[in-house]
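Here is the structure we will look at, set down as structure tokens.
Treat the numbers as computed from the prediction; the structure is a model and nothing was measured. Letters A, B, ... mirror the listed sequences (proteins, then strands); counts begin at 1. These numbers come from the heavy atoms of this one structure, side chains and all, not from hydrogens, waters or symmetry mates.
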Number of protein chains: 2
Amino acid sequence: MSIDKLDTRVRQEQIAQAAMNLINTTGMKGLSIAKVAKRVGIVPSAIYRHFESKDQMIDAVLNLIFDRLMDNVLKTCMATFDPFDRLKLILTRHIRLILDNHAIPRIIFSEEVYSGNTHRKAKLNRKIGRYLIKISEIIQQGQHENHIRKDVDPETISVMFLGIIHPAAILWHISDEAFDVAKHAEKAWRIFKESLSTA
Amino acid sequence: MSIDKLDTRVRQEQIAQAAMNLINTTGMKGLSIAKVAKRVGIVPSAIYRHFESKDQMIDAVLNLIFDRLMDNVLKTCMATFDPFDRLKLILTRHIRLILDNHAIPRIIFSEEVYSGNTHRKAKLNRKIGRYLIKISEIIQQGQHENHIRKDVDPETISVMFLGIIHPAAILWHISDEAFDVAKHAEKAWRIFKESLSTA
DNA sequence: CTCCTATGTGAATTATAATTCACAATATAA
DNA sequence: TTATATTGTGAATTATAATTCACATAGGAG
């Protein structure tokens, strides 16, 4: 069997994807260079041809995740225009994304990702901030168009929106997938929407 | 200086407390037997006189946390009786507890605590479940007394209640304490309460 | 007071993983 | 076709922390 030599761009993607999959199944704790390498089909030391360190590999995983999250938001905003439709669709898509990738909320919100790494923490903060701003904008738009009450703070709502998804994802994971995220999201959404609607 | 020899009960508490404080400042990643020992004023190997392993030490920290959380809930239920007053007070107390102990949400909800430890994961699941049930009960009582709408599912609400606290705590931490948790809780609470109140 | 047990000490020992390095094989540009 | 840079390999090397162990000492039971 001949040794495959692939472009570093390709490998970087393969590695980031493999790392994410590994985190999905074994968690951050189970993430080792050796296992990632095995999944990609190369030898551990070869990882270092494509990433300077394990840390930079993790950065790549974070980028992967945020790209998808933002993609969900942007695509949704292309597809629908009513603010409630948008939020609902984002919610649904996020749930699906998370069900396929257990790890996402745990990676993003788990301190092991950034503890002792000021730079990454700041980066993560910026990315989450950007995400929340997007959600806020949708809400502001809704207020502008008189679909959403004007006496609520868009930023607060955007964090509460996160509060529909994240705790549910955590419970789902910790309960060994017994907690029904989709059903919860459905019920919570109803209440959430109603509480924002203009009388 | 003479060597202090303390009862293992006392040491276990000291160690659990020291571990928790350490996690507050340096995160799970920074939690080492050596550092804990130093804080307690003993030598690393001495830890093993009081805990079989690092894992069991972490278990003790978890117990510490849940004891306090439950304590908040129970004390609140002793002090107030109106369901909204109860929830509001629990919210306030949790926020205060979390501000004093950054680590709490990150410990409870961080996979590093339970990944690869089925037993602890199950235990954590039970404890969180018990907590949510308590919150649910308060809501059911409110429904019974006609303060809270009856067309909402108490379990859903209890998870949404978590959704007020947890994302805020995470944002506070990741933003290097720039995010104003207390203010968010205040605003979110207003919306939350209103959405549950009987018309 | 004296023994005995519980606790503490410091120096190994282990375990796990990241990282480095010298060497090999492949692709590609000329 | 053939240099040359890039990518891959496998065997060290390092780093970090948990854990063990033989020995020391305080403090209560008798």
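Taking CG of B:L64 as the start and CG of B:D59 as the end, the distance is 12.0 Å to the nearest 0.5 Å.
In this model, no side-chain donor or acceptor of A:K54 finds a partner on the base of C:dT19 within 3.5 Å.
Regarding B:I58, its CD1 atom lies at a distance of 14 Å from the P atom of D:dA17, rounded to whole Å. To the nearest angstrom, P of C:dA6 lies 19 Å from CD1 of B:I47. Per the geometry, CG belonging to A:L6 stands 11 Å off C1' belonging to C:dT26, to the nearest Å. Remark: P of C:dT9 and CD1 of B:I33 are 15 Å apart, rounded to the nearest angstrom. Between the CD atom of A:Q12 and the P atom of D:dT7 there is a distance of 9 Å, rounded to whole Å. Between the CG atom of B:D55 and the C1' atom of C:dT16 there is a distance of 15 Å, given to the nearest Å. Atom C1' of nucleotide C:dT19 and atom CD of A:E52 are separated by 12 Å, given to the nearest angstrom. Here the P atom of nucleotide C:dA6 and the CD1 atom of B:I42 are 17 Å apart, to the nearest Å.
Taking every side-chain heavy atom of B:S45 into account, C:dA11 is the closest of D:dG8, C:dA18, C:dA11. Closest approach to the A:K5 side chain among D:dG8, D:dA22, D:dT25 is made by D:dG8 (side chain taken as heavy atoms from C-beta onward). Of all nucleotides listed (D:dA18, C:dT19, D:dT7), D:dA18 comes nearest to the side chain of B:S32. Residue A:Y48 places its side chain closer to C:dT19 than to any other of C:dT7, C:dA27, C:dT19. For B:V43, whose side chain is taken as the heavy atoms from C-beta onward, the closest listed nucleotide among C:dT7, D:dG8, C:dG10 is C:dG10.
Side-chain contact, B:R11 with B:Q14: a donor N or O sits under 3.5 Å from an acceptor N or O. The closest side-chain donor-acceptor pair between B:Q17 and B:E13, if any, does not fall under 3.5 angstrom.
At least one side-chain nitrogen or oxygen of B:H50 sits closer than 4.0 Å to the OP1 or OP2 atom of C:dG8. Residue A:R11 places at least one side-chain N or O closer than 4.0 Å to OP1 or OP2 of D:dG8.
Within the 4.0 angstrom heavy-atom criterion, only backbone atoms of the sugar-phosphate kind lie near A:L31; the bases stay farther away.
B:N117 contributes a side-chain N or O that, together with a main-chain N or O of B:R120, makes up a donor-acceptor pair within less than 3.5 Å.
Nearest-nucleotide positions on DNA chain D for B:S53 and A:R9 put A:R9 closer to the 5' end. Comparing A:D4 and B:R49 along DNA chain C, the residue whose closest nucleotide (by nearest heavy atom) sits nearer the 5' end is B:R49.
By the neighbour-count criterion of 12 heavy atoms within 6.0 Å, atom NZ of A:K134 is sparsely surrounded, having that number or fewer from other residues, nucleotides or ligands.
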